[in-house]
2 protein chains.
Amino acid sequence: MNIGEIAKRAGVSRSTVSYVLSGKRPVSDGTRQKIQRVIDELGYQPNASARALANGRTNTIGLVFPPAGNHYTGMQLDFIGNVVEAAAAKDYDVLLSPSGMDSDRSFQRLLGERRVDGAILMELRLQDDRFDHLDSVGLPAVAIGRTAHPENGWWVGLDHTALAEACVHHLADLGHRTIAFVNRPEQLLRAGYESAHRGLEGFTKAAAERGVTSRTYCCGDDASSGQACLERILHDEPATTALVTLNEAALGGLYRGLAQAGRHVPRDFSVTGVVAGRWAETVTPQLTAADVPAEQMGRLAVDLLVERLDHPEAPARHHLLAPPISLRASTGPAGTG
Amino acid sequence: MNIGEIAKRAGVSRSTVSYVLSGKRPVSDGTRQKIQRVIDELGYQPNASARALANGRTNTIGLVFPPAGNHYTGMQLDFIGNVVEAAAAKDYDVLLSPSGMDSDRSFQRLLGERRVDGAILMELRLQDDRFDHLDSVGLPAVAIGRTAHPENGWWVGLDHTALAEACVHHLADLGHRTIAFVNRPEQLLRAGYESAHRGLEGFTKAAAERGVTSRTYCCGDDASSGQACLERILHDEPATTALVTLNEAALGGLYRGLAQAGRHVPRDFSVTGVVAGRWAETVTPQLTAADVPAEQMGRLAVDLLVERLDHPEAPARHHLLAPPISLRASTGPAGTG
DNA sequence: ACCGATTGTCGAACCGGTTCGCGCAAAGTG
DNA sequence: CACTTTGCGCGAACCGGTTCGACAATCGGT
């Protein structure tokens with residue numbers, strides 16, 4: 001079922017059908033209705049590939065995310081879902097591309113073969129060569145996160161520095177003097193993951209300002225690593241009474257480690273960090289945390305990208321978000337011990 | 001940068017370049033190398049839309065999943081990631097489509113505009129009209145889950161009936177006589193979600209066989225619903241000493257409810273169910289559960305679909321999986337109270 | 001030296017849309 | 001009534017690939 005068939009049945013030329021579909025030229029009421037009726041009867045929809053070829057746009061955006069090798073966190077997954085829905089609302093489809101795999105074939109295909117009009121990048125690194133690849137083929141992109149030089153880029157990011165600082169201040173205000181920081185895995189920190197770096201930076205800075213004793217740890221993205229990490233924390237410094245974490249996947253393990261060490265949360269030990277709200281509420285006690293606004297970020301990223309696609313020369317824009325800490329049940333005053 | 005440009009620079013015709021790329025006709029060593037050199041220098045990759053138009057295949061598969069309105073569970077998200085990776089390994093891209101939204105525009109586009117060669121359906125219902133839509137446009141599909149008449153379909157599914165039965169037997173073997181079943185939300189059950197129906201069926205059957213007292217509940221897909229559900233369970237029948245759940249998202253809430261009711265797991269109360277392994281390990285105590293093999297299922301679904309695409313007339317195949325229950329720490333002998 | 005088979009390359013048509021310029025007929029103007 | 005304007009629809013060209021039939025050059029055999 002193609003446009004030629006529609007034209008034939010309606011007794012008009014292919015171009016006229018096209019103009020009815022696009023509305024880019026006026027068509028008389030009579031022929032329009034005649035054509036429309038045929039279209040409706042046959043349930044005709046124009047072929048996406050042909051249309052993409054003809055007008056140079058695929059109406060598809062690429063979502064570049066890290067491979068599952070290192071488990072997905074709930075946060076990443078929330079992003080994916082929300083980006084897809086925001087895009088669907090604007091009549092864009094979303095093509096998923098796991099990047100960071102062996103040869104990155106999928107990512108290269110996405111770009112080189114022009115399967116997409118633009119891309120949204122997740123899990124940003126401070127120096128992110130994916131931008132270079134995108135620039136070199138002239139594909140617009142929007143990042144979820146900031147590189148080291150965010151001034152003139154398109155992105156929507158979380159102010160991990162401020163968020164980590166806020167967590168330290170919150171704990172210091174409660175009287176905690178010895179605080180640990182549980183970061184993402186070391187391999188990601190070394191790779192330059194921006195959240196890991198900026199969070200660490202904020203934590204370190206605020207800890208120094210408040211004069212609290214601090215140690216920082218890297219921790220694998222899973223429960224058992226979290227448990228092991230917590231054991232190390234208490235082994236290294238038994239006087240630790242609180243921790244801040246960016247590592248959502250390890251959270252369950254951290255809690256378990258605390259329970260096994262006989263530390264009651266929040267009476268003996270406070271836990272806080274940066275976590276998607278929905279996941280913060282699944283643990284007991286519910287986590288006091290800066291809730292990652294995944295839905296808003298997904299929507300904003302799509303909005304920015306679509307704007308950029310529609311106005312190729314528009315000046316760069318971005319959104320830096322710093323959601324407040326939601327007080328729940330995992331933090332409390334430092335024990336008077 | 002198109003194939004004509006390559007041809008011009010190499011001093012050959014477009015068709016010869018095409019044959020070098022596809023290898024569908026022999027090309028002499030000399031010209032092949034000449035062409036290949038130009039291609040490499042310019043980093044040329046053929047345009048995906050043009051190729052799709054010409055040979056009628058997009059090399060893309062659609063992944064149809066439910067919208068996030070009712071939160072994603074970890075299991076669904078694991079599927080998505082694993083499907084994308086399995087597809088990438090076979091040089092297929094994955095287009096995401098949230099179905100079940102207002103007018104399902106995205107799903108319709110996927111099919112009607114032939115953006116994909118085939119589709120993988122998640123969150124199956126016993127009567128799933130998405131199959132009819134797919135059939136009507138002649139797109140092959142593979143389901144993750146089974147309809148009411150799975151005999152001659154293509155799918156990879158979990159034997160929720162057997163799994164729920166196994167959970168009941170496990171608990172009954174431990175001496176539990178009063179067991180609750182926590183299902184997915186009522187709205188999903190009414191919509192005919194197959195996991196909810198088959199799980200319920202298996203639970204009910206096994207409970208009857210073993211002569212245990214049972215009640216079944218529907219529960220929202222979030223922690224607070226889980227907590228509320230547990231309160232109802234203990235209110236309805238304080239003698240309940242165990243539960244089986246299919247509702248991963250509610251798990252944290254169920255645990256919290258138990259803690260607040262003063263029931264210690266597993267000493268006073270046993271919990272088990274069907275959950276993705278990774279999530280079963282984040283709760284404390286770690287959940288004894290039938291681990292959903294998300295990775296294997298994602299891979300199998302892609303394998304089946306690709307096979308179906310390559311051999312359109314191949315007879316239907318499917319895989320019914322029934323992973324064993326992984327013994328962890330959330331179940332124990334019924335109290336002698 | 002001639003003929004048939006083989007090998008390698010080319011040109012043209014096609015996939016299914018979009019878009020531009022043109023021609024024709026009806027309507028508007030003096 | 002001749003002359004421009006306007007409104008509609010058509011045909012052709014194009015987007016960037018793939019594929020088929022034709023043809024020239026080379027090869028082996030008698």
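Remember, predicted model here, so these are calculated numbers, not experimental data. Here is how names work: the chains are called A, B, and so on, in the same order as the sequence lines, proteins then strands, and each is numbered from 1.
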With sequence neighbours excluded, tell me which residues meet ring-ring contact (aromatic ring centres under 6.0 Å, His included) with B/H318.
-> B/W155
Does a donor on one side chain sit under 3.5 Å from an acceptor on the other, for A/S97 and A/S106?
-> yes
Would you say the side-chain atoms of A/D129 pair up with the backbone N or O of A/D132, donor to acceptor, closer than 3.5 Å?
-> no
Passes salt bridge (Lys or Arg N to Asp or Glu O under 4.0 Å), A/E85 versus A/R299? Steps please.
-> CA-CA 8 Å; A/E85 283 180 40; A/R299 197 170 37 69; over 6 Å; no
Donor-acceptor side-chain pairing of B/D128 and B/T147 below 3.5 angstrom = no
Covered region of DNA chain D, 5' end to 3' end, by chain A [heavy atoms, under 4.0 Å] = D/dC8 to D/dG16
Does B/E113 CD have over 12 foreign heavy atoms under 6.0 Å away?
-> yes
Side chains of B/T16 and B/S13, donor plus acceptor under 3.5 Å = yes
B/S/- along nucleotides 19-28 of chain C (protein heavy atoms under 4.0 Å) is BBB-------
